[in-house]
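Below: the structure, in C-alpha cells.
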Amino acid sequence: MIANKSWVAKPAPDEELYQSLKSQIQTGDILIKLIAQRNITSFNEAKSYFMPSIDDLHSPFLMKDMDKAVTLLHYAIETHQKIVVYGDYDVDGTTAVALVYSFFLKIYSNLLFYIPDRFLEGYGISDKGIDWAHENGATIIIALDCGIKSIGKVEYAREKGIEFIICDHHTPGDEIPPAAAVLNPKRVDCEYPYKELSGCGIGFKLISAYAEKYEIPWDPDQYLGLVAVSNAADIVHMTGENRILTYFGLLKINTNPRPGYKALIELAGVKSKMTVNDLVFRIGPRINAAGRIASGNLAVKILIEESYENAMKLAEQINQNNTDRQSVDSTITKEALEMIELLDNNETRKTTVLFNKNWHKGVIGIVASRLIDKYYRPTILLTESNGMAVGSGRSVPGFNLYEAIKECDEYLEQWGGHQAAAGLSLSLDNIQKFSEKFEESVSRTITDEMLTPVLEYDLEIDLDDVTATFCRSIERFGPFGPESMKPVFVSRGLSTYYKPKLVGNNHLQLSLRSKAGKHYKGIAFGLGHFYEEILKASTFDICYTIEPNEYKGDYIVSINVKDIHIQKPDDQNTASVLQNSHAQIH
C-alpha cells in the first residue's frame, strides 16, 4: 500500500520583493527566488542569513526566571550544596546534561548527573530520580528537556528539601510547576524573542547567563557542537537562534570535535564534512541507542569524555547498541505491518494504534515513523512496561497529534509531547477505549489533504541548470532543518542513459539524461518499485534535492530523487504535478 505522492509548489515569492532583491544581490534568478521564498527582504538580511554571527544571539536574561536560576545556582555553589543535573534519555536530554554538567564541573566539583531509566522510570522527572538525588545529599536539581508538566514531582522534591530549576522546551500545561525557576520560552508569560530552542539550547542559555553574570571565563565554542546535535536530532525549527547555534556547532564538529564525537564519527564511517543530515542519521541514532537499548548514562559519559582512547571504548559499546537497535527495529516493523493488515476497516481508518506486550520500549517511536511511510496517518505504538501500556506516537505533517491525544486524556495516566510526536502511558484495561477515542478524535479533525502524502517543492527548473557551482550555492543555504529545508526541485521530461539498477534495500540507482543530453548520477532511496516503470517509460519527471559529493578531490553533483512521476506515452506534455494556485515566477 504505497501511497502516491502529490507534488505541491511552494508559493511563488512576491514579484516586487523578487525584483527588489534582484537589484540588490548579484546572483542568478533561481537563487534570488529561493532567497525570497525564505522571507529575506534585503541585502542586509541576506548577509545575516548567509553569514551568521554569534553576536546576533539574544541575551539569556530576556528569558523569564533566568536571573532567579543563576542566582540560586551561584548561592548553591557558594554554600557548597550538591547539585544534580537531570535530563531525559534521548539526544536532546543527554546532550543538554553533558553541556550543563561539563560547564559547571570546570568551576565546581560537588556535582552529579542523572538520566532516568527508560524502562523502569519512563520519560521525565521520576520519584526514583528524586529519591536518588535526596539519598546523595542534593538540594538542587537542574532538569533539562523535561519537567514542564511535573507539578507533583516538584512538590514531592520540595518535601525532601530539593529545589528544581526546570529547563524545558516542551509546550507547558495550564499550570507551571512550583519550581524555583522555570526556563521555557513557550511560557505564555515569557517574552523571550525566540520560542523554538531545544532543551540543550535552553541549557546553553543557562550557562551563558551564569558565565556573563559572574564573569566566568569560558569558550562558548566548546559547547556549540552539543547544541548542534541536539537541534538536528530533536528536529527543531532551523531558524533564528537555532540556525546560528547549529551553524557554529557544525563548524566546531568539523574542525575540532569533542573526543566522543570524533569517535562516533569514525565508527559511523563519515569521511566528508559533517552536515545536519549526518547528525540526524549517523550521530543522533547512535547517541539515542544508548538510552533505547542500554542506558542514557552511557551517552552522557561519551559526550563529556576528554580522552579519545576512552571515548572510542565507549563509542564501540554505543555502536553495538545501535546495531542491536536496528535489528529490533526491523523485527518490530515487520510484526507491526502484519498486524495492520489484519485491522478491521484498515483501508478507511484514520489512525493506527497497535499494542504488543513484547515490543521493545526503546524503539517503538522509530517504528511508528516507519509505519507512516506506508500507512500515512497518525500512528501510536504501545508496549507493556511495569504493568502499564506505554508508547510513542507520530503524526503526519499538518495534524496536531498533541491536541488529539489531549482529547483522550480521560484514559491516560501520563502523556506529553508536541504537534508531531508524543509519549504516553495508560492502564492496560484502557487500550481499547483509548484506541476508539483516538480514532474518533482524529477522524473528526483531520482532513483528506492531511492524509495524502505531499512533497512540497521550491521551484521547477531544468536539470541542465544544476552545476557544481549551483550546488555549492545551494549548500550555503544550510544548515537545513524544519522551516528552512534544503531546496527541493522538480525537473521534467528526463530519460536515462543506462538501465537503472536495483541496489541495497529497494533503492534505485539512476543514470539521468537531461533535455540537453547532460549526464547526472542519481539515487532514489526506497523507490525500487519504479524500476519496471522506468524501463518502459520514454520520459519521466523527478522531484529531488541536490547533494554534493567529493571523490578523490573532485566535486561531484548527485541527484537525490525523492519521487518519480512517469509520463504517459499519449500525454507527454501534460504535467502530472499537483500545482497550487500560485504561479511560478519566470
For Phe281, give me all partners under ring-ring contact (aromatic ring centres under 6.0 Å, His included), at least two apart in sequence or on another chain. none
Is there a donor-acceptor contact under 3.5 Å from the side chain of Thr95 to the main chain of Val91? yes
Using modelled atom types and a 3.5 Å cut-off, is there a donor and acceptor pairing between side-chain atoms of Asp88 and backbone atoms of Cys146? no
Identify, with sequence neighbours excluded, every residue that meets salt bridge (charged side-chain N to carboxylate O under 4.0 Å, His left out) alongside Glu338. Lys334
For a side chain to side chain contact (heavy atoms under 4.5 Å, CB included) with Tyr520, tell me which candidate from Ile546, Leu512, Ile542 qualifies. Leu512
Taking salt bridge (Lys or Arg N to Asp or Glu O under 4.0 Å) as the cut-off, I'd like each qualifying pair that reaches into residues 34-45, sequence neighbours left out, listed once. Arg38-Asp458
Trp359: what forms a ring-ring contact (aromatic ring centres under 6.0 Å, His included) with it, not counting sequence neighbours? none
Is the closest side-chain heavy-atom distance between Val454 and Lys5 below 4.5 Å? no
Short side-chain to backbone donor-acceptor contact, Thr348 and Asn345, under 3.5 Å: yes
Could you check whether Glu439 pairs with Arg349 (Lys NZ or Arg NE/NH1/NH2 to Asp/Glu carboxylate O, under 4.0 Å)? yes
Looking at Asp92 and Asn231, would you say the former's side chain and the latter's main chain have a donor-acceptor pair under 3.5 Å? no
Main chain of Leu31, side chain of Thr27: is a donor-acceptor contact present, judged purely on distance under 3.5 Å? no
Main-chain N/O of Glu403 paired to Asn400 side chain as donor or acceptor, under 3.5 Å: yes
Is a side-chain N or O of Tyr247 found less than 3.5 angstrom from the main chain of Ala228, in a donor-acceptor match? no
Determine, stepwise, if the pair Glu407 / Lys437 fulfils salt bridge (Lys or Arg N to Asp or Glu O under 4.0 Å). CA-CA 8 Å; Glu407 289 195 19; Lys437 178 71 174 179; 5.2 Å; no
Salt bridge (Lys or Arg N to Asp or Glu O under 4.0 Å) contacts in which one or both residues fall within residues 509-525, not counting sequence neighbours: none
Looking at CG of Leu371 and CD1 of Ile364, how far apart are the two atoms once the value is rounded to the nearest 0.5 Å? 11.0 Å
When you look at NZ of Lys47, are more than 12 heavy atoms from neighbouring residues, nucleotides or ligands closer to it than 6.0 Å? no
Assess Lys149 against Trp415: is NZ or CZ under 6.0 Å from the centre of the six-membered ring, and within 45 degrees of the ring's axis? yes
Donor-acceptor contact present, side-chain Ser491 to main-chain Ile461, <3.5 Å: yes
Taking only residues two or more places apart in sequence, or in another chain, which ones meet Gln419 in a side chain to side chain donor-acceptor pair (under 3.5 Å)? none
What residues, two or more places apart in sequence or in another chain, satisfy ring-ring contact (aromatic ring centres under 6.0 Å, His included) together with Phe525? His507
Solution key, residues 469-483 side-chain donor-acceptor pairs under 3.5 Å, sequence neighbours excluded:
residue, atom, partner, partner atom, Å
Ser473, OG, Thr469, O, 3.2
Glu475, OE2, Lys486, NZ, 3.0

Can you sort out the partners of Phe438 under ring-ring contact (aromatic ring centres under 6.0 Å, His included), two or more places apart, ordered by chain and number? Phe434
Which heavy atom of Leu463 sits nearest to which heavy atom of Ser514, and what is that distance? CB-CB, 4.1 Å
Pairs touching residues 236-245 that satisfy side-chain hydrogen bond (donor to acceptor under 3.5 Å, both in side chains), sequence neighbours left out: Tyr192-Glu241, Tyr194-Thr239, Tyr194-Asn242, Lys205-Glu241
Check whether Asn184 reaches the backbone of His170 with its side chain - one donor and one acceptor, N or O, closer than 3.5 Å. yes
Partners passing salt bridge (charged side-chain N to carboxylate O under 4.0 Å, His left out) against Arg370 (at least two apart in sequence or in another chain): Asp329
Got a list of side-chain donor-acceptor pairs under 3.5 Å for residues 271-279, not counting sequence neighbours?
residue, atom, partner, partner atom, Å
Thr275, OG1, Asn277, N, 3.3
Thr275, OG1, Asp278, N, 3.3
Thr275, OG1, Asp278, OD2, 3.3
Asp278, OD2, Thr275, N, 3.0

